[in-house]
Structures are given as structure tokens and as C-alpha cells.
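Reviewing the structure listed below.
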Amino acid sequence: MNTPKRYLITAALPYANGLKHIGHLAGAYLPADIYVRYLKAQKRDVVFVCGSDEHGTAIPIQATKEGTTAQAIIDKYHPIIEQNFKDLGIAFDIYHRTSDPLHHQTASEFFKDLEAKGDLETKTSQQYFDESAQTFLADRYIKGTCPNCGHNEAYGDQCEKCGKSLSPEELINPLSTLSGNAPIKKETTHWYLPLNRHEDFLREWILKDHASDWRAAVVGQCKSWIEGGLQARAVTRDLDWGVKVPVAGGEGKVLYVWFDAPIGYISATKQWAINNDKDWKPYWNDKDTKLVHFIGKDNIVFHCIIFPIMLKLHGNILPDNVPANEFMNLEGDKMSTSRGWSIEMDDYIKKWIKKDNGGESLADCLRFYLTSISPESKDSEFTWKGFQESVNGELVSIFANFVNRTWVLMHKLTKGKVPPIHPDLLDEEDNALLNTVKETKEKVTALLEQYKFREAQFEVVNLARIGNQYMQKKEPWIVAKQLDTDPTAQAKIDNCMHGCLQLTANLAILINPFLPFTAKKMCHLMKVVDRMLDWENAGQFNLLKVGYSLRPPELLFRKIEDEEIAAELAELKANAEAKKATMENNTITATQEAPEEKGLKPEIVFDDFAKIDLRVGTIIEAKKVEKADKLLELLVDLGFEKRTILSGIAMHFNPEDIIGKQVTIVANLAPRKMRGIESKGMILMAEDAEGKLYFVNPSEAIAPGSGIS
RNA sequence: GGCGAGGUAGCUCAGUUGGUUAGAGCACAGGAUUCAUAACCCUGAGGUCACGAGUUCAAAUCUCGUUCUCGCUACCA
């Protein structure tokens with residue numbers, strides 16, 4: 001494999017609507033940072049970009065809710081998130097933001113370029129519109145009852161209570177969050193990116209070229225999308241928060257956030273180039289650049305399908321790999337900020353790092369544990385007990401303990417100096433140690449190149465373990481007792497301590513990408529400059545000069561106490577309880593307010609009503625629609641004809657139980673195909689507070705086809 | 001419902017193209033030791049590789065079916 005000329009590494013842009021938790025950290029930022037630190041130690045030309053994603057509908061919505069502005073929200077969270085990353089040692093070369101004019105300009109030009117080349121399509125469709133506010137409603141501007149869990153505050157794109165993703169059409173009693181009124185449907189025109197045009201390219205590029213070097217889950221997810229038939233995807237939205245659509249007809253529209261956000265990687269690179277007096281273009285245009293996106297699995301489709309298509313159309317390079325991580329759960333449940341079941345980076349920093357008994361070493365403790373359970377091939381689980389065991393049992397007992405006993409012995413037995421080597425007394429153990437160091441370097445290097453961070457870190461710790469074994473075999477503290485009787489005793493001690501010291505220097509180099517604060521502290525102990533940490537120095541046994549005096553011992557980490565763990569667990573549970581109580585309160589309030597708030601749809605005139613042809617019908621056949629959970633296919637007798645009507649009531653009724661029932665039919669509703677079957681009409685149903693459905697029918701059976709008015 | 005990923009020791013995970021007795025760390029048990037943050041070191045126990053069938057001289061690995069977990073996605077005119 002030949003070495004790329006330069007690297008561009010991206011980590012998913014965090015959404016600037018709140019704090020980010022350690023699941024995010026473990027998913028994208030930490031592995032990206034490890035990779036970048038490794039590349040930089042290799043002296044490669046690398047730029048590490050990230051920044052806040054500040055557009056989309058969630059942010060203005062939140063602003064309305066909190067009685068503030070969208071700008072205020074992003075101005076609040078952007079610096080906090082940026083600082084959180086710094087405190088945890090995530091060393092971006094640039095942490096930009098998509099609200100920056102440079103980004104607006106970049107995204108704008110990107111869109112114009114694609115538009116001019118004819119790579120986009122326009123389409124007109126019906127969307128919810130708020131008449132009183134005179135504006136189209138993006139998904140998140142519509143609220144209603146969740147069809148899944150009955151939560152009253154579900155958004156048009158997702159229910160925050162049960163987590164189910166929704167479309168505005170699914171909501172029961174949709175309401176505009178702007179005016180509280182029921183929205184109407186209105187025509188609007190948007191630009192679309194026709195993904196379907198690029199199917200052949202994607203098949204070739206992902207399913208063939210990257211079938212073996214990308215992670216299985218990533219290729220699998222892409223395959224699923226490609227095989228499922230790619231659709232044109234809307235690039236613009238009716239909204240006023242975001243990058244304005246820069247072409248005629250785009251008034252009142254902005255770029256859809258999924259289109260604008262990844263371009264943020266490019267604008268961030270531009271800003272970095274400006275700050276550092278460099279040229280950004282080769283990083284996005286030169287084939288010799290290796291582009292790697294670090295993301296969580298929820299982002300696969302954007303980074304593997306959509307953004308690459310955009311990049312290809314725009315003439316940029318494509319990602320070389322997209323090492324997406326699975327999810328990290330917490331104490332037996334999914335992490336979720338809204339449910340209070342998460343550990344925010346900000347909280348961890350305040351509680352562990354910025355405390356009297358904390359400090360930077362506690363940042364490395366978190367980095368260490370997160371990497372050791374990194375969800376590289378399947379979902380993993382963070383537990384506080386696991387955190388404690390990992391830190392105390394491996395980081396402290398194996399790694400730090402080796403360094404500490406080396407330092408203590410060196411001060412006791414070799415006067416605090418690097419002792420000389422006595423070649424005539426070197427034995428197999430000494431040679432084996434040197435070989436192991438070289439082997440470990442090779443292993444760690446190979447693993448890092450393959451994005452296997454968990455295993456790579458394990459190998460480094462294992463090297464420290466081997467150091468402990470080496471010392472145990474040599475027993476310099478025993479040899480020290482024979483100084484009077486054995487004339488070679490001091491030489492034996494010298495050789496052992498020399499080996500342990502050189503091993504420590506190697507450990508510092510190898511652990512540096514994972515635990516940068518620790519590596520730095522080790523340099524301090526060894527009285528060497530950071531340059532010693534260059535990767536090329538690993539595998540060498542002359543890093544510390546003979547006769548050089550080193551600093552007194554100093555502990556690299558402190559242990560994590562049982563009480564601290566218990567306190568965290570208690571707090572986590574209390575947090576979740578509190579959030580749950582708030583949620584339930586909201587639900588109750590919403591239900592109570594319902595009569596006034598969502599009572600009636602806007603008034604209509606008689607003529608509107610008269611357009612609807614209501615008829616009595618009798619169900620004569622009913623069966624479940626295959627491959628659909630909710631649909632029943634009904635044959636309804638309307639007297640003058642028999643019709644096929646589909647109804648989404650399969651969860652409520654058995655087909656055999658409803659045959660013979662009389663129902664009310666909207667007989668002149670435009671036909672609609674669902675699951676390949678055409679439905680000609682609609683059956684009216686009443687729904688009670690629990691969501692139970694009832695047929696609406698005449699009090700006594702009457703002739704099918706009778707009109708209702 | 002469709003698709004994708006996963007189910008291996010109490011826990012967290014490895015297992016390359018099917019090939020002796022299925023590995024590692026933690027936790028556990030026993031031993032040894034004291035330079036070290038009661039740390040280290042040695043030894044040990046612990047598995048019907050989710051379940052069922054099939055292909056094969058040989059299956060954790062390949063095929064089919066079942067089941068559970070996670071993710072994406074479809075259906076409520």
C-alpha cells in the first residue's frame with residue numbers, strides 16, 4: 001500500500017442544539033482523534049476538521065419553545081461543545097460552524113454548480129401549510145399525537161417519547177406549532193437530488209471496490225439502500241433558517257440541512273487554510289488525498305450514498321473509508337439525552353476532570369475505557385462498574401504501575417539515572433523484550449491503519465504487561481540484596497532498569513494517540529521533549545541517553561473509588577426519573593388542554609361539505625394485506641357496486657369478526673394505491689381517548705348504498 | 001412486512017480462505033512475592049460457539065429454517 005500524500009479526516013458535525021454525550025464521543029470523535037494523532041506522529045500531512053451543524057428545523061423550534069432565538073441557541077452551544085472536545089483531548093485542526101458566512105457562501109456555490117449542470121430536478125408536491133402564519137411547515141413544525149405510543153407532543157419527523165421516526169402525515173390531529181391551528185395542504189416546488197441516476201456508480205464503487213475494506217455493517221447498510229431502489233431526495237425546504245437557495249424561485253427556501261451540513265467539512269477546510277496560510281483545494285480535489293469520515297451508524301447513508309454523489313457531481317474526491325461505529329448503550333439501556341439516560345461530556349468534565357482530585361488524567365481514563373469498549377463491530381455498553389474496573393484493573397494496575405515501579409526502582413537502585421548497558425550480561429530475556437517492542441509497534445500500526453482502535457490499545461497495554469513480566473523475572477530488588485556477594489549484581493540491575501526505562505519511552509510513544517495527556521506526563525517524567533513521541537522512534541532502545549537523570553516518581557493516575565461509582569449510578573437514575581416525571585406532566589397537560597387547543601378544524605362552508613359523498617356500505621370480505629402490519633383489504637357492498645377498500649385497522653380487528661358489519665364510506669375519495677393494491681374510498685372510524693377504534697354506522701341495518709347527509 | 005448487522009466463558013470481546021484439545025482481558029479460586037497505587041507474577045477452573053436440520057472425512061466458520069437484540073425502511077385516504 002503506498003502512502004497518500006495528504007489526509008483529510010472528518011468527524012460528524014455535532015448538532016448545536018444541546019450538549020453531546022459520551023456515546024457521541026465514542027462513536028466518532030475519539031476514534032477520529034486517535035487516528036489523527038497517529039498520523040501526525042507519523043509526520044503525515046493531515047487536516048482534522050469538524051464543526052457545529054447549526055441549521056435544520058430543530059433549532060428554531062427549540063428557540064420558540066425557550067422564548068429565544070435560533071442564533072442565541074447556537075451561540076450558546078457552539079462554544080460549549082468546542083470546549084468540551086478540547087477538555088477531552090479531541091484536537092481538531094479547525095472546529096468551524098455552518099452559520100459562518102464562509103460556509104453559506106461555500107454551500108451556496110455548491111448548490112449553484114449542481115443546479116447549473118442539470119444535476120438537480122425540481123418537483124411540485126403537497127405540503128402542510130400554516131395559513132395564519134403564511135408559511136410552509138417543515139416536519140418539526142408539526143406536532144400531534146404519536147400513532148405509536150399516544151404521546152401528545154410528537155413531532156412530524158419523530159416522537160421524542162418512544163423514539164419512533166414519523167412523517168407528518170402519520171400524526172393524529174396534526175397542529176402547527178407556530179399558530180396552534182390545524183395546517184392545510186398546499187403546493188410547493190422544491191429541488192431534488194436524483195439519487196437514482198447514480199445507482200450504477202454506487203454499485204461499482206461500494207459493492208465492488210469497497211466490499212472488503214469497508215466495515216461489514218457499512219457495506220450492508222449501503223447495499224440495503226441501493227437494492228431498495230434509490231429515490232430523488234429533496235434538497236430544499238420551506239424554512240427561513242439556513243442557507244438561502246441561491247437561484248431564481250428559491251425565495252423563502254433554504255438548503256435542506258442534510259445537503260448543507262456535509263459541505264461544512266469543505267468550508268471548515270477552507271477556514272483552516274485561511275487561518276494557516278495554506279491552500280485548501282488539494283485536500284478536496286487531489287486524488288492523492290485520503291479522505292476518511294468518522295461517524296456513527298445513523299449517519300451511514302449520508303456519508304456513503306448521498307454526500308459521495310454530491311462530491312462526485314461537484315468534481316471532488318470520494319472518501320477512502322467511512323469507519324462508522326455502532327451505538328454505545330448505557331447501563332442496560334439506550335443513551336438518550338431527552339430521557340436523561342446519558343452521560344454528557346460536559347457533566348463528565350465538570351465532575352471528574354475539573355475537580356481537586358481530577359485533572360487531565362481523568363480525561364484519559366474516559367478515553368481509555370471508551371476505546372476499550374469501542375462499538376466497532378456491534379453495539380457495546382458503558383457501565384460505571386466497567387469504567388472503574390477498566391481504569392483500576394488495566395490502566396492503573398498494568399500500565400501505570402509498570403511505569404511507577406520502574407521509576408521507584410530506578411531511583412533506589414540506579415541513582416535516578418539511566419544506567420549503562422553491559423552487553424556481555426545481556427540474555428535472552430533482554431533480547432526478547434526488544435523484539436516484543438518492535439513487534440508491538442508493527443501490530444499497533446497495522447491495527448490503527450485498519451481502524452481497529454480497541455485492539456490496538458489492547459496491544460499497547462499488553463506491552464506494559466510484558467514489561468511487568470520481564471521485571472518479575474529479573475527481580476532487581478532481589479539482585480540488590482546480593483550486591484555484596486555478587487560482583488555482577490549492579491550490572492544485572494543496570495541492564496534490567498535500562499530495558500524498563502527504554503520500554504517506558506516506547507510505551508509513551510505507542511499510547512500517545514490514545515492517551516495524549518498521559519504521554520505528555522510521561523515525557524515530563526523522562527525529561528524529554530514531545531518530539532520523542534514521533535512514531536518512527538517506537539521500536540528503538542536508545543531513546544533515553546545513558547547517564548541522564550530523570551524526575552522523581554509521580555503517579556500517572558489515581559484509582560476510581562467505589563463511592564464515586566455509586567454516586568454516578570444514583571445520579572443517573574435520579575436524572576432519568578426527573579425527566580420521566582417532566583415528560584408525563586407534559587403529556588397530562590397536553591391532554592387536558594386538548595379540548596380548546598385542538599378542538600376544531602377551521603370552519604368550512606356547506607359547499608365544502610356537500611362535496612363529500614358519504615354512503616352506507618356492508619363489509620362482505622376482509623383479509624390481511626400481505627407484508628403490511630396495519631392494513632386490511634376489505635370488499636364493501638355499496639348496493640350499486642362492490643369496492644375494494646384498504647383500511648389501516650389490522651391492529652384493532654380480526655378480519656373474520658368484521659364481515660357483515662355496516663360502515664360509513666367516503667365514496668368519492670380519489671383512489672389511492674397502498675402496498676400495490678388500489679383503495680377506492682375510505683372507511684370512517686371513531687377513536688376514543690385510548691386510541692381504540694369504532695366503526696361509524698347507522699343504528700339499525702339499512703340498505704347498502706344509502707346516502708348520508 | 002422487507003433489508004442490514006449481531007447472538008461465542010459470569011462480564012467485555014477475538015476467532016483470517018471450514019482442519020489437532022474454541023482464544024484474550026476482566027471477574028473468580030489457589031499459589032508465590034514485596035520494587036510498585038493491597039498493585040505485579042505463576043497456576044487453575046469456567047463454553048452443547050442462540051436453537052434445529054443439511055452439506056462434508058471434518059462446521060463457531062458454508063446452506064436452509066426458527067428465535068432474540070440493534071439499526072434502516074414500508075403500510076393507517
Side-chain angles (χ1 to χ4, degrees), chain A residues 147 165 167 169-172 215-229 296-298 300-301 324 326-327 329 334 369 372-383 385-386 388-390 392-398 400-413 452 454-455 458-459 461-462 464-465 467-480 493 496-497 500 553 555-559 624-632 645-652 665-666 669-677 679-685 693:
Chain A
S165 55
S167 73
E169 278 71 27
E170 291 179 84
L171 289 179
I172 302 159
R215 287 184 181 166
V218 174
V219 176
Q221 184 72 234
C222 293
K223 193 175 170 204
S224 172
W225 270 76
I226 297 168
E227 302 289 343
K297 69 173 162 185
D298 50 338
I300 289 174
V301 61
E326 307 286 305
F327 287 160
N329 296 324
K334 278 185 244 191
Y369 179 52
S372 76
I373 57 165
S374 182
E376 287 167 10
S377 57
K378 51 183 152 186
D379 289 357
S380 70
E381 178 152 331
F382 182 105
T383 62
K385 190 95 176 60
Q388 183 191 23
E389 280 172 1
S390 179
N392 292 355
E394 291 182 73
L395 196 50
V396 175
S397 301
I398 309 287
N401 183 42
F402 172 74
V403 176
N404 190 44
R405 64 200 297 212
T406 297
W407 246 246
V408 170
L409 280 174
M410 181 247 307
H411 278 85
K412 280 188 184 165
L413 306 178
K452 293 183 177 173
R454 186 178 52 206
E455 212 177 328
F458 175 83
E459 287 297 336
V461 173
N462 202 44
R465 180 174 277 119
N468 279 320
Q469 290 165 0
Y470 170 79
M471 198 184 273
Q472 202 68 33
K473 273 181 198 142
K474 294 280 179 181
E475 295 183 308
W477 53 91
I478 302 281
V479 180
I493 292 171
C496 172
M497 293 319 297
C500 289
L555 295 181
L556 293 175
F557 303 100
R558 70 170 178 84
K559 287 208 160 191
K624 254 200 119 236
V625 175
E626 268 182 49
K627 299 177 183 181
D629 293 344
K630 299 177 185 174
L631 280 183
L632 284 188
I645 296 179
L646 295 183
S647 185
I649 56 174
M651 308 287 239
H652 301 267
I665 306 289
V666 182
L669 191 69
R672 160 115 177 192
K673 254 192 178 179
M674 283 177 279
R675 297 254 51 137
I677 304 164
S679 177
K680 296 172 186 165
M682 172 179 170
I683 296 187
L684 298 189
M685 304 295 299
L693 297 180

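Every chain is numbered from 1, with letters handed out A, B, ... down the list of sequences.
Comparing the same atom, C1', in B:U48 and in B:U8 gives a spacing of 12 Å after rounding to whole Å.
Remark on RNA chain B: of its neighbouring residues A:I478 and A:V219, the 5'-side contact belongs to A:V219, judged by nearest-heavy-atom nucleotide. Heavy-atom nearest nucleotides on RNA chain B were determined for A:K297 and for A:S377, and the one closer to the 5' end corresponds to A:S377.
Across all strands, A:E394 comes closer than 4.0 Å only to sugar-phosphate atoms, never to a base (heavy-atom distances). Using a 4.0 Å heavy-atom cutoff across all strands shown, A:A400 reaches at least one base atom of the nucleic acid. Base engagement by A:L556 is indicated by at least one non-hydrogen atom pair under 4.0 Å involving a base atom. Residue A:S380 is classed as a sugar-phosphate contact, given heavy-atom separations below 4.0 Å to backbone atoms only. At the heavy-atom level, A:N468 lies under 4.0 Å from the strands shown only through sugar-phosphate atoms. A:K473 comes within contact range of no nucleotide atom at all, as no heavy-atom separation falls under 4.0 Å.
A:K223 places its NZ atom 6 Å from the P atom of B:G4, with the value rounded to the nearest Å.
To the nearest 0.5 Å, atoms CZ (A:R405) and NZ (A:K412) are separated by 12.0 Å.
Partner of A:Y470 under the side chain to side chain contact (heavy atoms under 4.5 Å, CB included) criterion, chosen from A:K474, A:K473, A:Q472: A:K474.
Between A:E326 and A:K378, no side-chain nitrogen of the basic residue sits less than 4.0 Å from a carboxylate oxygen of the acidic one, so the salt-bridge criterion is not met.
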